[in-house]
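Worksheet: the structure to be examined is printed underneath.
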Amino acid sequence: SLVHEYRIRTRCGDYLWVLVRGVVEDCRRSGRRMAGSQTDISSRKAAEGRLRHAARHDSLTGLANRLHLDELLHAAQQRTSNRESALLFVDLDRFKLINDSLGHGVGDLVLMEVAKRLARCVRPGDHLARFGGDEFVALLGDLACTADAERVAQRMLDALRQPLQLGERTLSLSASIGIAPLWLDGRPLDALQAADLALYRAKNAGKDQFSLYFDDLRGSAQRRLDLESALSQAVARDEYVLHYQPICRLENGRPYLVGVEALLRWQHDGQLIGPQEFIPILEESREIVRVGEWVLREACHQVRCWQLLGQTQLYCSVNLSIRQLQQPDFTDRLIAILDETGLAPSRLVLEITETLLMQHSDTVMATLQQIADLGVRLALDDFGTGYCSLGYLKRFPLHLLKVDRSFIAGVPEDADAAVISRAIIGLGQSLGLEVIAEGVERPEHMQFLIDAGCRYAQGYGFSRPKAAADLQRSFSAEGCFEELWCLLPDHAANVRRIGVCTPSGSRTA
Ligand code: C2E
Ligand code: MG
Ligand code: MG
């Protein structure tokens, strides 16, 4: 029998697909013959073609999809050529913000425009794929050298930066790009993974730029993975500690201790690691929820101990992550911690950042309101470094505003910093918020704040963050603390009487 599909070119040059089926028959009269049929299967073939195309292309942008990219990449790595090839991993910066604020419809329009702009940057013969979400991959062949790939990446960055007009709205876009060769030292490389590592580096270096893959990147990714797994065991191993930094009230030119901010540290491999290094990792893995709860409990407990030792009005300030606020039972857990530790809600301040409010949802808003209803105060941390939206100051139940240390660092010499700092202080006060200046290091900073009418300050000039026991030693010093600041009146004597208290409850004379 015979079954065969083939195409025929028609007189006008088109193709017609046909299916031929036949069987051989023995025929008494003429010997053997083939009997069968020939069917026009062009429409079925066209439908199959459309399905094959759909399976390999992205429906929104029409670009190759991940499956097709794999095939193209595989084919490219099979070919031997003395020309270079490279893979570019492109990821839009802050695309989530566009999607969340302007809706998915606008997000789709942006992605289509991005696809068009990127396609104009590559040559015929190169391939462009949508990897997923806001990620695109370009496969460049026939390059004279790797610098050619950098030129294409730069062209892409420039093309994306051009303002994008969508109706009445003008958007500005940027992207980060990771570049990796398809071959390294004569061997094929896992180019997707390598370009992704380079992309991660470009993002970390501040976005809106490209970065090249180099061999040690894999090593640093491995180190990050090691760090992640070490971090996941840090709670169980008791490796976290809190340091406390005093917050002072400036009165009659003298600073008095009113509160402490709890700042997380990680004791790992004999080193004390600062939060900037590991909090982003904890946030990514959501481990921050567990660690944040530990911080809250430990800090409330410690401050309650210090209150019992005589710092009766001392308040405790704790930094929160958005992930914690997204927990539907956050308020219940907070109430439980306050009950457990005996700290009054009015003696707790929770610090949140503007970026956190930017991503606000109804859950977060409701939780913030519940927290405020409890009598716990909310502080907007690092004000001035984010979007400085005055809308937030009114919309959210905030009580305190912390002016970022980058402004204070410039005063009084830098006229701009001075004007902005004064404006933020005035703004906070006119909205009925307490304003705290961060990063007060020099006596001139303090004088500036007193002149500007700012009543609260925090910074190395008063004290660096210290372990609980070290800070407590300062409490018990005679009247005056080191350098500029003093203890709230008449508490020093109490401390000497009661002794040293730690959160675990042990006391030493
Ligand atoms: P932040 O909340 O703005 O904390 C103030 C940071 O400024 C601290 O850095 C502190 O050591 C530093 N600082 C204070 N005074 C001065 C000064 O006079 N000069 C200078 N140059 N720096 C000063 P640190 O401890 O490295 O913390 C960095 C950030 O990590 C914090 O910024 C906070 O956003 C975050 N963080 C710390 N602990 C936690 C935590 O338990 N949970 C969460 N979610 N974030 C935390
Ligand atoms: Mg803070
Ligand atoms: Mg801050």
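Counting starts at 1 for both ligands and their atoms, following the listed order. The model shown is predicted, which means the values in this text are computed figures rather than measured ones.
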Look at ligand 1 and say whether [X] reaches it with a heavy atom at a distance under 4.0 Å.
X: Gly292; value: no
X: Glu261; value: yes
X: Pro465; value: yes
X: Gln458; value: no

Heavy atoms only, cut-off 4.0 Å: how does [X] contact ligand 1, side chain, backbone, both, or neither?
X: Asp382; answer: side chain
X: Lys402; answer: neither
X: Val295; answer: side chain

> the Mg ion (ligand 2) to Glu351: any N/O/S contact under 2.8 Å?
Replying inline: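 Glu351 does place an N, O or S atom closer than 2.8 Å to the Mg ion (ligand 2).
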> Any N/O/S of Glu261 under 2.8 Å from the Mg ion (ligand 2)?
Replying inline: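 Coordinating: yes.
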Tell me which protein heavy atom sits closest to [atom], plus the residue, atom name and distance to 0.1 Å.
atom: atom 6 (C) of ligand 1; value: Arg405 NH1, 3.6 Å
atom: atom 13 (N) of ligand 1; value: Tyr460 CE2, 3.7 Å
atom: atom 27 (O) of ligand 1; value: Pro275 CG, 3.2 Å
atom: atom 21 (N) of ligand 1; value: Glu441 OE2, 3.3 Å
atom: atom 40 (C) of ligand 1; value: Ile279 CD1, 3.9 Å
atom: atom 34 (O) of ligand 1; value: Asn319 OD1, 4.2 Å
atom: atom 38 (N) of ligand 1; value: Leu264 N, 3.1 Å

Can you tell me how far [atom2] of [Y] sits from [atom1] of [X], rounded to the nearest 0.5 angstrom?
X: Glu441; Y: Phe462; atom1: CD; atom2: CZ; value: 11.0 Å
X: Cys316; Y: Gln307; atom1: SG; atom2: CD; value: 9.0 Å
X: Leu398; Y: Arg377; atom1: CG; atom2: CZ; value: 12.5 Å

>> Salt bridge or not between Glu434 and Arg455? Use side-chain N to carboxylate O under 4.0 Å.
In response: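 The answer is yes: the pair qualifies as a salt bridge.
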>> Quick test of your reading of the model: are Arg130 and Asp58 salt-bridged, counting only N-O distances below 4.0 Å?
In response: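 Looking at Arg130 and Asp58, the cut-off is met.
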> In Glu438, the N, O or S atom nearest to the Mg ion (ligand 3) is which?
Replying inline: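 Relative to the Mg ion (ligand 3), the closest nitrogen, oxygen or sulfur of Glu438 carries the name OE2.
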> Which of the N/O/S atoms in Asp382 sits closest to the Mg ion (ligand 3)?
Replying inline: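 Looking at Asp382, the N, O or S atom with the least distance to the Mg ion (ligand 3) is OD1.
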Do any N or O atoms from the side chain of [X] and from the backbone of [Y] form a donor-acceptor pair under 3.5 angstrom?
X: Gln165; Y: Gly167; result: yes
X: Gln245; Y: Ala262; result: no
X: Asp382; Y: Asp404; result: no

Tell me whether [X] has any N or O atom under 3.5 angstrom from an N or O of ligand 1.
X: Gln324; value: no
X: Ala262; value: no
X: Asp381; value: yes
X: Glu283; value: no

Pick, from [options], the option with the minimum heavy-atom distance to [atom].
atom: atom 15 (N) of ligand 1; options: Glu438, Glu351, Gln245; result: Gln245
atom: atom 10 (C) of ligand 1; options: Leu263, Leu242, Thr353; result: Leu263
atom: atom 25 (O) of ligand 1; options: His243, Gln276, Arg442, Arg265; result: Arg265

> Under 3.5 Å, is there a donor-acceptor pair between the Glu261 and Asn319 side chains?
Replying inline: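 Yes - a donor-acceptor pair under 3.5 Å links their side chains.
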>> Under 4.0 Å from a heavy atom of Ser321: which atoms of ligand 1 are those, numbered in the order shown and with their elements?
In response: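 Within the 4.0 Å cut-off of Ser321, ligand 1 contributes 44 (N).
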> Which ligand 1 atoms, with their elements, are less than 4.0 angstrom from a heavy-atom of Gly439?
Replying inline: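 Atoms satisfying the 4.0 Å criterion: 16 (C), 17 (C), 18 (O).
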> If you count the non-hydrogen atoms of other residues, nucleotides and ligands that lie under 6.0 Å from CZ in Arg323, is the total more than 12?
Replying inline: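 Yes.
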>> Just checking Arg161: does its CZ atom have more than 12 heavy atoms from other residues, nucleotides or ligands closer to it than 6.0 angstrom?
In response: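 Yes.
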> Are there protein heavy-atom neighbours of atom 32 (O) of ligand 1 below 4.0 Å?
Replying inline: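 It does not; no protein heavy atom is within 4.0 Å.
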>> Just checking Trp306 against Tyr244, ring centres under 6.0 Å apart?
In response: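 Between Tyr244 and Trp306, which both carry aromatic rings, the centre distance is below 6.0 Å.
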> Under 6.0 Å between ring centres, would you say that holds for Phe131 and Phe136?
Replying inline: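 No; Phe136 has its ring centre 6.0 Å or more from that of Phe131.
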>> Show, in sequence, the C-alpha distance, side-chain angles and deciding distance for Lys402 and Gln458, and conclude whether the side chain to side chain donor-acceptor pair (under 3.5 Å) test is met.
In response: CA-CA 9 Å; Lys402 299 189 78 171; Gln458 177 181 355; 2.9 Å; yes
>> I need the OD1(Asn319)-the Mg ion (ligand 2)-OD2(Asp381) angle, rounded to 10 degrees.
In response: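 Value, to the nearest 10 degrees: 90°.
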> How are the rings of Trp294 and Tyr240 set relative to one another: parallel (under 30°), tilted (30 to 60°) or perpendicular (over 60°)?
Replying inline: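 The arrangement is tilted - the two ring planes meet at 30° to 60°.
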> If we only count heavy atoms from C-beta on, is the Leu199 to Val90 side-chain gap below 4.5 Å?
Replying inline: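 When only atoms from C-beta onward are counted, Val90 and Leu199 do not touch, as no gap falls below 4.5 Å.
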> Just wondering, do Val241 and Gln267 contact through their side chains at under 4.5 Å, heavy atoms?
Replying inline: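 Contact flag for Gln267/Val241 side chains = yes.
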